Amino acid sequence: MKYDFAAIEKKWQANWEETKPYAAITGDPRPKFYGLIEFPYPSGQGLHVGHPRPFTAIDIVCRKRRMEGYNVLFPIGYDAFGLPTENYAIKNHIHPAIVTKNNIKTFQAQLKMLGYGFDWDRCVDTSDPSYYKWTQWIFQQLFKHDMAYKATMTVNWCTSCKVVLANEEVVGGHCERCGGEVVQKEKSQWMLRITKYAQRLIDDLDDLDFIDRVKIQQKNWIGRSTGAEVNFGTTAGDTLTVFTTRCDTLFGVTYMVLAPEHEYVKKWRDQITNWDEVAAYVEAAGKKSDFERAELVKEKTGVQLKGVMGINPVNGQEIPIFISDYVLMTYGTGAIMAVPAHDQRDWEFAKVFGCPIIEVVKGGDIEKEAFTLKGEEGEMVNSGFLNGMTVKDAIPTMKKWLVDNGKGQEKVNYKLRDWVFSRQRYWGEPIPLVNCEKCGWVAVPESELPLTLPQVEAYEPTDDGESPLARMTDWVNTTCPCCGGPAKRETDTMPNWAGSSWYFLRYCDPHNDKEFASMDALKYWGPVDWYNGGMEHTTLHLLYSRFWHKFLYDIGVVPTKEPYQKRTSHGMILGEGGEKMSKSRGNVINPNDIVAQYGADTMRLHIMFIGDFEKAVSWSNEAVKGSKRFLDRCWNLMEMAEDSDEISEKNEIIVNKTIKKVGEDIDELKMNTAIAAMMAMVNDFYANGLTRGDLKQLMLLLSPFAPHMVEEMWELTGYAAKYGKMAMQMDWPTYDEAKTVDSHVEMAVQVNGKLKGTIQVPMDSEQDAVVAAAMEVEKVKKATEGMQVFKTILVKNKLVNLIVKPAK
RNA sequence: GCCGGUGUGGUGGAAUGGUAGACACAGGAGACUUAAAAUCUCCCGGUAGCAAUACCGUACCGGUUCGAGUCCGGUCACCGGCACCA
């Protein structure tokens with residue numbers, strides 16, 4: 001018999017729509033649990049199989065928490081601003097708001113189809129003015145606290161789309177969408193000072209329950225390195241400051257290098273005797289994209305600034321100064337001291353330009369390559385007062401010398417850059433600022449928020465890379481809230497990361513029109529207890545939202561310094577054969593098809609059973625059958641079950657064992673082994689028979705995985721009437737530890753570490769009894785014949801290992 | 001190059017240093033059926049053997065251990081991230 005999944009799923013989804021068993025109640029006295037999944041971007045393609053994996057996993061965790069007595073918040077929403085919608089709108093001349101609305105409808109239907117226990121009354125849409133009013137409000141707080149500033153910087157410009165692209169949208173120097181060439185262009189941008197939080201973003205990871213690879217990746221991205229700033233004199237009179245992590249090698253400095261954009265290059269124009277050559281190099285470097293500068297340049301290039309020399313502070317030696325594009329303006333001071341003996345890049349440059357290479361740490365062969373020791377045990381040579389020291393000791397000694405002599409100071413640098421926050425796009429939150437000639441940048445009064453997106457006729461970006469909003473002169477021209485004089489609105493919009501940086505806060509209090517969320521609601525629900533999401537967001541969304549949250553904490557509007565207590569991450573779902581799913585490969589799996597053929601419960605179960613949650617797995621249409629077969633077997637147990645509400649004696653052990661295993665596995669997201677354990681229990685039921693009481697335990701365990709079918713079974717077996725509750729509202733089953741193990745155990749018998757057989761012995765048998773039983777095994781007899789047992793290793797209830805040698 | 005991760009049957013995958021391959025998919029055999037599907041039961045790493053059994057087996061080489069898929073050192077391959085960060 002097969003169960004009628006279509007009718008059953010429809011019935012129970014209608015029931016849940018009506019009775020709202022997933023409603024979260026702010027302020028409820030039960031302990032709270034806040035489970036979160038990354039809200040989807042409502043694309044035109046609808047849900048794909050990638051979504052249900054994390055959604056189902058956290059849904060299962062939340063369902064279990066409800067049964068354990070928690071007041072659970074498991075919300076959903078839509079990250080609705082973004083480029084694909086805007087491009088679709090451009091192509092089809094439909095307003096992006098309408099496109100978004102339609103897409104959300106599709107997503108909602110699909111999410112409901114899969115039976116997720118979301119609290120739908122808390123649904124948010126980042127493109128809804130009642131939502132982005134508060135995104136704008138938060139931005140204004142950033143602005144008011146000097147955390148947002150406008151700066152001119154180089155951005156990626158697609159020559160074909162005539163549009164500014166984010167770094168993520170540039171693939172190998174070309175536009176991700178059209179493949180056109182991407183060049184660098186100077187543009188004035190809003191920036192957020194995330195770098196101000198760099199240290200705290202590292203330090204506070206220690207108290208969080210994030211999986212290690214997330215912590216490591218965030219730390220690497222922030223890229224803290226400790227070293228020193230060293231002040232070099234120059235013959236031009238200016239002090240040239242560099243950053244180094246290896247101040248121990250100062251005696252090995254044989255030249256200096258500036259980034260081509262360094263301010264001193266222009267400043268020294270009159271003293272530089274080869275200016276034409278220098279100017280040409282600067283211009284050429286400026287034209288190169290970052291991609292070309294990083295990727296294509298194998299051989300170091302550069303030009304010496306003739307006419308100016310640097311002066312090494314430790315020995316007063318005059319050294320040449322070069323410009324080269326291997327030195328980045330965006331890190332450190334944009335200038336370096338070059339130690340070719342102990343830095344591979346400097347070594348390569350020195351070889352090209354014939355600079356001297358002076359060894360200051362013994363141990364390598366600097367004729368062949370730079371000696372960049374990994375440990376810190378090398379011995380200093382040719383280094384004046386450092387001679388004879390280890391590198392480890394030389395670094396602090398030199399630091400102290402620099403400070404004492406006013407030649408430098410300790411310094412920490414980060415790779416993290418400030419966050420480019422402007423997009424020259426239509427479909428994003430308008431930045432709620434106006435520019436007044438007299439007052440400069442001024443925030444739009446809070447009473448005027450939300451500053452809504454005006455209706456425009458064309459969403460296409462303009463030729464000069466301005467936002468489409470710039471054409472709306474009626475909207476752009478306004479008055480200054482400060483002085484009442486003429487002012488212009490900012491026409492750039494926010495990036496799609498804005499709305500997602502705080503959405504988990506809005507879920508706590510989604511209908512509040514006085515505040516982004518009340519402190520009471522935030523205190524009740526915060527922080528998010530468990531947040532699962534993709535690794536691809538580790539250094540973007542996850543970092544950005546931690547930054548926003550810390551800022552909100554600092555201004556006293558959120559109660560915790562971190563937004564998420566626990567972070568886990570799921571592996572990708574690949575197509576059959578392990579290839580990435582893509583339209584061009586034609587291997588995309590649509591969840592709708594699986595649900596139509598097998599039902600939502602099978603879909604949910606299978607996507608959990610398919611493999612280790614953290615690892616990538618390939619989808620197999622064939623294998624889905626197994627999960628469906630299991631559900632059918634569970635369903636058919638109803639006919640087999642004996643008429644008793646007690647757990648049967650014959651199944652006592654397997655039931656208790658399975659309750660323990662499933663409960664523990666769910667908490668570790670090991671859904672695959674939890675399901676395997678339930679399958680094993682069902683196999684036992686088929687072999688040994690079962691009571692309705694046994695089945696009841698299975699239904700409770702299976703309820704989070706296959707909620708529709710279980711509720712139907714719960715009703716048919718009479719439990720719904722008996723308890724007046726749905727299965728999902730029952731208490732999570734408990735187990736008796738003593739009953740999770742049999743009275744007898746099977747133990748392995750080894751002779752000299754080789755398996756010779758197994759024995760059945762009473763639980764917790766002592767060594768003598770085990771050895772006696774072991775000696776009864778034929779193979780053991782044979783293997784120990786004429787031998788002397790001189791050592792016995794007993795692992796209780798597991799194994800006994802007899803170590804033998806020939807008897808004399 | 002650097003930082004993470006992974007490598008187990010025909011396949012997806014299980015295994016706190018303790019019986020490798022749980023649980024499934026595919027495959028094989030049987031029961032039921034006029035028949036097929038479905039369902040139920042059994043078999044299913046390799047080599048040799050009628051068999052009992054023996055030997056081999058968790059990418060590769062070595063080590064620690066009574067015992068290693070698991071720990072340590074080295075090598076290779078693949079995946080993800082970063083990449084001239086001084």
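Owing to the predicted nature of the structure, the values given are computational and were not obtained by experimental measurement. Chain naming here is simple, since letters A, B, ... match the order of the sequence lines and numbering starts at 1 in each.
Atoms NZ (A/Lys756) and P (B/U53) sit 11 Å apart, rounded to a whole Å. Separating the CG atom of A/Asn688 from the C1' atom of B/U41 is a distance of 14 Å, rounded to the nearest angstrom. Distance OH (A/Tyr598) to P (B/A24): 17 Å, rounded to an integer number of Å. Between the CD atom of A/Gln217 and the P atom of B/A83 there is a distance of 11 Å, given to the nearest Å.
Toward the 5' end of RNA chain B, the nearer of the two residues A/Asn220 and A/Leu416, judged by each one's closest nucleotide, is A/Asn220. Between A/Ser627 and A/Thr330, the residue anchored nearer the 5' end of RNA chain B, judged by the nucleotide with its closest heavy atom, is A/Ser627.
A gap of 15 Å separates the C1' atoms of B/C42 and B/C32, to the nearest Å. Rounded to whole Å, the separation between the C1' atoms of B/U8 and B/C60 comes to 15 Å. Only the P atoms considered, B/G18 is 35 Å distant from B/G81, to the nearest whole Å. Here, B/C66 and B/G80 have their C1' atoms 40 Å apart, quoted to the whole Å. Across B/A26 and B/C44, the matching C1' atoms stand 11 Å from one another, rounded to whole Å. For the C1' atoms, the distance linking B/G57 with B/G21 amounts to 11 Å, nearest Å.
When heavy atoms are screened at a 4.0 angstrom cut-off, A/Ser225 is found touching the sugar-phosphate backbone but no base atom. Among the atoms of the strands shown, base atoms are found under 4.0 Å from some heavy atom of A/Glu746. Counting non-hydrogen atoms under 4.0 angstrom, A/Asn683 reaches the backbone sugars and phosphates but no base. A/Gly626 comes within 4.0 angstrom of the backbone, heavy atoms only, and of no base. At a threshold of 4.0 angstrom between heavy atoms, the contacts of A/Arg224 with the nucleic acid are absent. Within 4.0 Å (heavy atoms only), A/Thr758 reaches at least one base atom of the nucleic acid.
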Inset, instruction - Under 3.5 Å for both distances, Watson-Crick or G-U wobble, that's the pair rule; now give the dot-bracket for RNA chain B, with | marking pairs to another strand and [ ] for crossing ones. - result: (((((((..(((.....[....))).(((((.......))))).((((....))))..(((((..]....))))))))))))....
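Looking at A/Lys415, its side chain has no donor and acceptor atom pair within 3.5 Å of the base of B/C82.
When the shell of 6.0 Å around NZ of A/Lys798 is examined, it contains 12 or fewer heavy atoms from other residues, nucleotides or ligands.
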Inset, instruction - Could you walk me through whether A/Asn672 and A/Asp612 pass the side chain to side chain donor-acceptor pair (under 3.5 Å) test, one step at a time? - result: CA-CA 7 Å; A/Asn672 53 338; A/Asp612 185 331; 6.0 Å; no
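Look at B/G9: its glycosidic torsion is within 90° of 0, and that puts it in the syn range.
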Legend entry - Contact pattern, 5' to 3', of nucleotides 7-17 of chain B - B, S or - by protein heavy atom under 4.0 Å: -----BSSS--
Extract all donor-acceptor atom pairs below 3.5 Å that involve side chains of residues 654-664 of chain A and protein atoms in other chains or at least two apart in sequence.
{"unit_1": "A/Asn656", "atom_1": "OD1", "unit_2": "A/Asp736", "atom_2": "N", "d": "2.8"}
{"unit_1": "A/Asn656", "atom_1": "ND2", "unit_2": "A/Glu652", "atom_2": "O", "d": "2.9"}
{"unit_1": "A/Thr658", "atom_1": "OG1", "unit_2": "A/Ile654", "atom_2": "O", "d": "2.6"}
{"unit_1": "A/Lys660", "atom_1": "NZ", "unit_2": "A/Glu737", "atom_2": "OE2", "d": "3.0"}
{"unit_1": "A/Lys661", "atom_1": "NZ", "unit_2": "A/Asp665", "atom_2": "OD2", "d": "3.2"}

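Looking at A/Leu205 and A/Lys219, their side chains come closer than 4.5 Å, going by heavy atoms from C-beta outward.
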